[in-house]
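Per chain, numbering begins at 1; letters A, B, ... match sequence-line order. All of these numbers come straight from a predicted model, not from anything done at the bench.
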Amino acid sequence: MVIHAQPDWNPRISLRLAPSSKASSASSASVLDTSNSYGLHDTMRFGMRQIASEVSSKHPLENRLAEWDNTQMELKMNMARNMYGMHAPIKMAMERSLVIQARGPSMLPQRSNLGLDILAGKDESIDFEDFLNVPEMSTDMVDVHVVMERQLGIRA
Amino acid sequence: MTSRLQQTKGGFNFDNHVRNTMMEGKGMGIPKATKTGTTIVGLIYKDGLVLGADTRATAGPIVADKNCEKIHYLAPNMYCCGAGTAADTEMTTALISSQLELHRLSTGRQARVVTAMTMLKQMLFKYQGQIGAALILGGVDINGPHLYTIYPHGSTDKLPYVTMGSGSLAAMSVFESRYRPDLSREEGISLVQEAIEAGIFNDLGSGSNVDVVVINSEKVEVLRNYAKPNERGVKEASYKFQRGTTEILKTSIRDLVDIKESVNIHTPEAMDIS
């Protein structure tokens, strides 16, 4: 008689190693992101914009790199669920949310979250994003007024 | 200055991709990156391993660098030869060297060669071969000497003797005919030198000098420009014209600036303390 100690294994949980090169959300871009109160793209605030080029021709690596960290996190969670049971990913997700909540509910972009970095293992590694196009050194600014207006639902 | 909705993430920026594809469609190609062409080799001998590389970097049909360094430092016990796009190999090895140092500080132990290989292969797989770096990684750690090849898409091999680059076939022919296990240090170095010279003389993408690095469990010897089979010949005669070849008809000298030297004596004024 064999006693299986492992929890039920659901074959439908994806153990995807790498993200796809096409954005899974049906690749769409909307004018409403950058629209003013007239409903058109606000060229004065955001510069020129071509919706067609945003949707059709994307570099094969763009989505892969943007989704990489999330995909790895999901893989770890799914494997932990298969190996240890439901409690393991729940604990991991709880720690993550505690660290994100500790920062406060502000939507404005702030300095990087050290707790999140430690949980993800980024405090002990260095990658291209740490010295190429570092957000702290960029000359573009996030317009806090636009972000707040968006949140409060006021369209200027 | 236009404003943004979200803070840009670090790392590679793909904003110019649309413009580049449009320009390529109209006929203007992307500028050619400097490649290393290259012959790089590695072999394991009795006490450790020997890495070798040529020193030519090409940009299309032009030699961009006659004496570049293709053997990069990764850790005190590991070195990495790089073939492919020169910037990619340099940046990749520098990044992994930093990661290895962070790893070493966090574990408190000497880094293993397989750690560096895993970091390299995972990074190259993540970028799907767009980072054109073909590497030969060699080092000695607690488990002995190890030699790995890493291809741009992320596949790896672990072998006793390896060659990479455009001159790899020429160098591999030398290895296949003369390699045997347990070579001595001198035999290993001379075999590596012959393999690189086979690449230098038979492949257009490789040339100039031979660099050798010998790694064993005690020390690392970096023999930069170990052999120089392509030294420029010295001209036998001097082709400069002697003074007096052209006859001087008239001499007139005018000073452009009037130089007057004079000495001024300053009497220092007494300090006014009132």
Applying a strict 4.5 Å limit to non-hydrogen atoms, the region of B:Leu100 in contact with chain A is neither

Are more than 12 heavy atoms, taken from residues, nucleotides or ligands other than B:Lys158, located less than 6.0 Å from that residue's NZ atom? yes

Next on the checklist: Around atom CE of B:Met91, are there more than 12 heavy atoms from other residues, nucleotides or ligands closer than 6.0 Å?
Outcome noted: no

Does atom CZ of B:Arg224 have more than 12 heavy-atom neighbours from other groups under 6.0 Å away?
yes

Margin query: How about CG on B:Leu105, more than 12 heavy atoms from neighbouring residues, nucleotides or ligands closer than 6.0 Å, or not?
Written below: yes

The interface call for B:Gln130 against chain A, heavy-atom contacts under 4.5 Å, is side chain

Separation between CG (A:Leu17) and CZ (B:Phe125), nearest 0.5 Å, reads 6.5 Å

### Message
Counting only heavy atoms not in B:Leu204 (residues, nucleotides, ligands), do more than 12 fall under 6.0 Å from its CG?
### Response
no

Inset, instruction - Check whether more than 12 heavy atoms from other residues, nucleotides or ligands sit under 6.0 Å from atom CD of A:Gln50, and answer yes or no. - result: no

Between the NE2 atom in B:His17 and the CD atom in A:Glu62, the distance rounded to the nearest 0.5 Å is 7.5 Å

The interface call for B:Met123 against chain A, heavy-atom contacts under 4.5 Å, is side chain

Turns out that what part of A:Asp130 lies under 4.5 Å from chain B's heavy atoms comes down to neither

Exercise for the section: May I ask you to decide if B:Gly11's main-chain N or O and A:Asn133's side chain share a donor-acceptor pair within less than 3.5 Å? Expected result: yes

For B:Lys126 and A:Leu61 the tightest heavy-atom approach is O-CD2, 3.9 Å

Greatest number of non-hydrogen atom pairs under 4.5 angstrom with chain A, of B:Leu95, B:Val18, B:Asn20, B:Thr21, falls to B:Leu95

Notebook entry, point to check: Should the heavy atoms of other residues, nucleotides or ligands under 6.0 Å from CZ of B:Arg112 be counted, would the total exceed 12?
Noted result: no

